[in-house]
Amino acid sequence: MPQQPDPADPGRDEDLAWLDRDPMTAEEREAWLDWACEHDEPPGEEDYGDCASLTAEELAEVQEAAADELLAVEAATTGRRGPGQPGSARVFPGESASRAAGFGPGMPLDLEPGGAGLAVAADAAAGEDDGFAGVSDAELVGVLCAWDRVESHAVARKLAAVAELGRRNPGPQDQEFAADQIACALADSRGHAGGLLDLAECLRTRLPGTRAALLDGTISRYKAEMIAGATALLDPDEAAAVEAKVLDRAARLTPGALRAAIARAVMEVAPDKARQRREAAAQDARVVRWAEDSGNAALMGCELPPDEVLAADQRITWWARELRKAGLEGGMDQLRARAFLDLLLGKDSRPRRVGPRAAGSQPGPQGQDTPDTPDSPGGPAGGAVPGGFAGRVTLTAPLATLTRLADRPGELSGLGPIDPWLARDLATAAAANPKTTWCVTVADQDGHAVGHGCARPEPSSHRKRAGPGPPGETEFTFTPARRDGPPGGYGTWRLHTPGNGPDLIVTLESLTTDPCDHRHQARGHDPGVKLRHLAQIRHATCTSPICRRPAAQADFEHNTPYEAGGRTCLCNTGPKCRQDHRLKQHPKWAVDQLPDGTFRWTTPAGRSYTTEPTRYPI
């Protein structure tokens, strides 16, 4: 409560920062100020001076000062939501006649955190008919992002009210009834209301940083739920440590990338708990079915062993390709779905041959004629893809984990982070297969690849000195090939894997392109095998800010076109899926490759978003 009553006429607000956000033009603002001076009695000249003497230049100074004040406040925030980062491609100075001028790239409202004031400004920008008349694309994107931040802010305030209701009902039975009270108020289910109460309490007591990011609009409710769910098994200190590892990137990561990052962070902070959760969840393995809204049905297996899932996935793909070879129509997704059912039901969906049965064919399980060839046996059950670990899948694990010096998570392509124990088990299983290939990647403190080398068997003339390990050995070692070790770390190393196979020699080479020495440059348009491999190591997925397609399934793309003089070199290439390859070639889009391997994508609206090189487990 104020200590003194408000005056009868409090006068005009001395804070003119609203002028910078007012949708009126400069001429309209001056006219309004003249009208205000004529119809309002100022408290005194010593307080406001002569309103008529407020020139256009003075008004511009007020606007500039207000903008500077807002920008100073924004400099302390954690960044804007979305795949982009704080700031934009460039700031457009000067006046704009648009009612959404303040939402342009780098302008004050483009940087303001979510809140009621931002909602009012964004609402005014739409106009009475939501037509956004006179609003540029760049400003329209700014308005869109503003509403996104406002939405998150509103969710944070709603959760704060839910948390307070829970705090006022601390007993177990009171908590249950609090959830019922919320469900009644929101016409929601009891289960969903209980989940809302749990999320609100988690943000209030265990994840203050996530709550703050939600409040200012840096992250969405979906991302906040993701962080809360991943840290549910941790104590408050562990949860705070995990939160600190991902929160600075959460705004610009896609949901899939954030899910992988938060899972890896949990395994780094509490590897034992991550393993216990995996092992306990395996007891809940199940297959579920449900009806789709379309009238079709779905079938899904849950909490299955990761290595067997990958092997099963490869088997499905193998049989889908056999179906395509045999002439079955449809895209790869449709063929994989057909192959999935064939494998489960023992069916053979290859098309029936027309006319007399060809020599060398045999009837399939359903009376169909099927070609009898070594590559295409008489049905999916006769496939040559074994169960167990899928050898064509990339397993990435820190050497410190494999050598048991630390318990840090690994990563399995197609699945994401895996706990240290599973990483060691899979690596040991892979070592038993002589067809397994091994590579070593050196990462910096952020996990970015700075060096890489692929292993080759040690020459037979050296094996007597090095020699295999004891029979049945289950240890990995990584040692210099020479006593003094390679200078600077780059050079030749010896990798010993479990079992009786020979030691492997790894030559580590630098991936640095700042500056680039062009050592792996190809003379023509197409890259060599090594250059393509190194590009896929530095960026394990498409370099778009919103795409996670594996690099091995993407195009090898020249950032500066080869026809325009661009090098076929690591400093001018990166993987892009076909969609983003085509997008990059659109004349309204621009993509810059920076010396450190970062890609900067600039949209037709003039806004920029960056993609950093892949972060590996370290």
Side-chain contact, heavy-atom cut-off 4.5 Å: P561 with Q585?
-> no
Under 3.5 Å, is there a donor-acceptor pair between the side chain of T543 and the main chain of P575?
-> yes
Please walk me through it: do Q579 and C547 pass side chain to side chain contact (heavy atoms under 4.5 Å, CB included)?
-> CA-CA 10 Å; Q579 166 72 15; C547 182; over 6 Å; no
Does the side chain of T568 come under 3.5 Å of the side chain of H558 through a donor N or O and an acceptor N or O?
-> yes
Give a yes or no answer on whether the side chain of T231 reaches the backbone of L234 with a donor-acceptor pair at less than 3.5 Å.
-> no
Note: A298 and E292 closest approach over all heavy atoms is CB-OE2, 3.5 Å
Verify whether one side chain among T441 and H452 offers a donor that lies under 3.5 Å from an acceptor in the other.
-> yes
Taking N572 for its side chain and R567 for its backbone only, find out whether a donor-acceptor pair lies under 3.5 Å.
-> yes
Least distance between heavy atoms, M267 atom then D419 atom = SD-N, 3.5 Å
Does the side chain of T317 reach to within under 4.5 Å of the side chain of Q314, using non-hydrogen atoms?
-> no
Compare all side-chain heavy atoms of C569 with those of C516 and state whether any distance is below 4.5 angstrom.
-> yes
Please check if the side chain of T507 supplies one atom and the backbone of G491 the other of a donor-acceptor pair under 3.5 Å.
-> no
Decide yes or no on side chain to side chain contact (heavy atoms under 4.5 Å, CB included) for W438 and V440, but give the supporting numbers first.
-> CA-CA 7 Å; W438 300 88; V440 176; over 6 Å; no
Minimum heavy-atom distance between A449 and I537, given as atom pair plus value = CB-CG2, 4.2 Å
Rounded to the nearest 0.5 Å, how far does OG1 of T492 lie from CG of L508?
-> 8.5 Å
T610 and R600: side-chain donor and acceptor closer than 3.5 Å?
-> no
Any side-chain heavy-atom pair from L207 and I227 closer than 4.5 angstrom?
-> yes
Say you draw a straight line from CD of E411 to OG1 of T394; how long is it, rounded to the nearest 0.5 Å?
-> 10.5 Å
Search all heavy atoms of L118 against all heavy atoms of L109 and return the closest pair with its distance.
-> CD1-O, 3.8 Å
Going through the checks in order, is the side chain to side chain donor-acceptor pair (under 3.5 Å) test met by D514 and T512?
-> CA-CA 6 Å; D514 188 15; T512 301; over 6 Å; no
If only atom types and distance count, is the side chain of K584 paired as donor or acceptor with the main-chain N or O of K576 below 3.5 Å?
-> no
Shortest non-hydrogen contact from A339 toward I316 | CB-O, 3.5 Å
Check: E139 side chain, S136 main-chain N or O, donor-acceptor pair, under 3.5 Å = yes
How far apart are the C-alpha atoms of H539 and F599, what are their side-chain angles, what is the distance that settles it, and do they pass the ring-ring contact (aromatic ring centres under 6.0 Å, His included) test?
-> CA-CA 10 Å; H539 291 92; F599 282 81; 5.2 Å; yes
I would like to know whether R578 and D555 meet side chain to side chain contact (heavy atoms under 4.5 Å, CB included); could you show each step before the answer?
-> CA-CA 6 Å; R578 183 52 55 89; D555 296 342; 2.6 Å; yes
Passes side chain to side chain contact (heavy atoms under 4.5 Å, CB included), F103 versus V141? Steps please.
-> CA-CA 8 Å; F103 293 95; V141 172; over 6 Å; no
Trace of the side chain to side chain donor-acceptor pair (under 3.5 Å) decision for S349 with R338 | CA-CA 8 Å; S349 295; R338 184 69 260 163; 3.2 Å; yes
Cationic tip of R424 within the cone over W421's six-membered ring, i.e. under 6.0 Å and within 45° of the normal?
-> yes
Taking Q334 for the side chain and G331 for the main chain, is one N or O donor matched with an acceptor at less than 3.5 Å?
-> yes
SG-CZ distance between C145 and R607, expressed to the nearest 0.5 angstrom = 5.5 Å
Under 3.5 Å donor-acceptor, D580 side chain and L583 backbone | no
Is a side-chain donor or acceptor of T598 paired with a backbone partner of L594 at a separation under 3.5 angstrom?
-> no
Enclosure of R549 CZ (heavy-atom neighbours >12, cutoff 6.0 Å) = no
Would you say the side chains of N296 and S294 form a donor-acceptor pair under 3.5 Å?
-> yes
Going by distance alone, is a donor N or O of one side chain under 3.5 Å from an acceptor N or O of the other, for T513 and R538?
-> yes
Atom pair CG (D313) and CZ (F340), whose distance is rounded to the nearest 0.5 Å | 10.5 Å
Only residue of E238, E268, E279 satisfying salt bridge (charged side-chain N to carboxylate O under 4.0 Å, His left out) with K273 is E238
Separation of C302 SG from D284 CG (nearest 0.5 Å) = 8.0 Å
Could you please spell out the steps behind the side chain to side chain donor-acceptor pair (under 3.5 Å) verdict for E243 and T210?
-> CA-CA 7 Å; E243 182 185 60; T210 302; 2.7 Å; yes
Donor-acceptor under 3.5 Å (D517 side chain, R519 main chain) | yes
W589 versus T602: any side-chain heavy-atom pair under 4.5 Å?
-> no
Residues G106 and D110: closest non-hydrogen pair is N-OD2, 3.1 Å
Do R289 and M300 have side chains that get closer than 4.5 Å, going by heavy atoms?
-> no
Side chain proximity check, W319 to R350, heavy atoms < 4.5 angstrom | yes
Measuring from L304:CG to R286:CZ, what's the distance to the nearest 0.5 Å?
-> 9.0 Å
